[in-house]
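Take a look at the structure below.
Side chains are part of it too, since the values below use all heavy atoms of this structure and drop only hydrogens, waters and symmetry mates.
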Amino acid sequence: MRPLRPFNFNTSAELFPAAIRKKKRAGFTYRRFGTAAEAVQFAMEQLPTDSLNGAYLQVEEARFDQNGIRSLYESEAFPLPRRPKPAAAETDADAA
């Protein structure tokens, strides 16, 4: 496996929906973002899981599938605040 070069979250990015959709419904369509960080945040925090599955992020010559987008979001280098994980709040409530 070749070493990863640093990812530039400030580069513009394009987010594409899955090529094949089983159901026709109002969902997300192609979107262009000023920064890759905004695109990753949108994909992880606003897209429904079924829309994220099969979608891909294009940043310069690199493409990222759902797992790649998730890795970028979870990276220590991700520059934007992340939405708190709801599962942790539910676990705390169950413990009380």
Side-chain angles (χ1 to χ4, degrees):
M1 183 174 191
R2 69 177 209 225
L4 296 175
R5 62 184 176 132
F7 182 80
N8 184 352
F9 282 99
N10 293 317
T11 303
S12 63
E14 298 170 287
L15 187 61
F16 295 87
I20 300 171
R21 298 189 64 124
K22 291 181 180 178
K23 298 177 184 177
K24 286 189 175 184
R25 60 188 154 110
F28 108 92
T29 58
Y30 164 86
R31 276 191 72 174
R32 183 167 179 80
F33 294 85
T35 69
E38 293 167 330
V40 169
Q41 186 176 51
F42 174 83
M44 293 303 301
E45 296 182 3
Q46 295 185 35
L47 280 184
T49 304
D50 64 336
S51 292
L52 182 58
N53 186 21
Y56 71 92
L57 178 70
Q58 178 90 30
V59 183
E60 294 179 331
E61 298 298 318
R63 278 190 182 189
F64 299 88
D65 64 6
Q66 176 182 7
N67 294 329
I69 295 168
R70 185 176 316 283
S71 293
L72 291 171
Y73 183 73
E74 293 173 354
S75 164
E76 288 182 19
F78 186 72
L80 301 177
R82 292 174 188 87
R83 177 178 60 192
K85 295 179 182 178
E90 292 171 7
T91 303
D92 292 342
D94 292 341

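- Listed by chain and residue number, nothing satisfies the side-chain hydrogen bond (donor to acceptor under 3.5 Å, both in side chains) test with Ser71 (two or more places apart in sequence, or in another chain).
- Between Ser51 and Ala55, the shortest heavy-atom distance links the atoms O-CB, 3.5 Å.
- Phe42 and Met44 fall within a single hydrophobic cluster, where Ile, Leu, Val, Met, Phe, Trp and Tyr side chains are chained together by heavy-atom contacts under 4.5 Å.
- Shown here are the side-chain contact (heavy atoms from CB on, under 4.5 Å) partners of Ala39, two or more places apart in sequence or in another chain: Ala13, Phe33, Leu57.
- Checked against side-chain contact (heavy atoms from CB on, under 4.5 Å), Glu14 has the following partners two or more places apart in sequence or in another chain: Phe16, Tyr30, Arg32, Gln58.
- When the side-chain hydrogen bond (donor to acceptor under 3.5 Å, both in side chains) test is applied to Glu38, the partners found at least two apart in sequence or on another chain are Thr35.
- Within the model, atoms CD of Gln41 and CZ of Arg82 stand 9.5 Å from one another, a figure rounded to the nearest 0.5 Å.
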Let me check something: any side-chain donor-acceptor pairs from residues 73-80 under 3.5 Å, sequence neighbours excluded? List them with distances.
from: Tyr73; atom 1: OH; to: Glu45; atom 2: OE2; distance (Å): 2.5
from: Tyr73; atom 1: OH; to: Arg83; atom 2: N; distance (Å): 3.3
from: Ser75; atom 1: OG; to: Ala77; atom 2: N; distance (Å): 3.0

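- Screening Asn53, Leu15, Ile69 for a side chain to side chain contact (heavy atoms under 4.5 Å, CB included) with Leu47, the sole residue that qualifies is Leu15.
- A search for side-chain contact (heavy atoms from CB on, under 4.5 Å) contacts involving Asp65 returns Asn67, not counting sequence neighbours.
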Query raised in the report: Going through the distances and angles, do Val40 and Phe64 end up as a side chain to side chain contact (heavy atoms under 4.5 Å, CB included)?
Result: CA-CA 10 Å; Val40 169; Phe64 299 88; over 6 Å; no
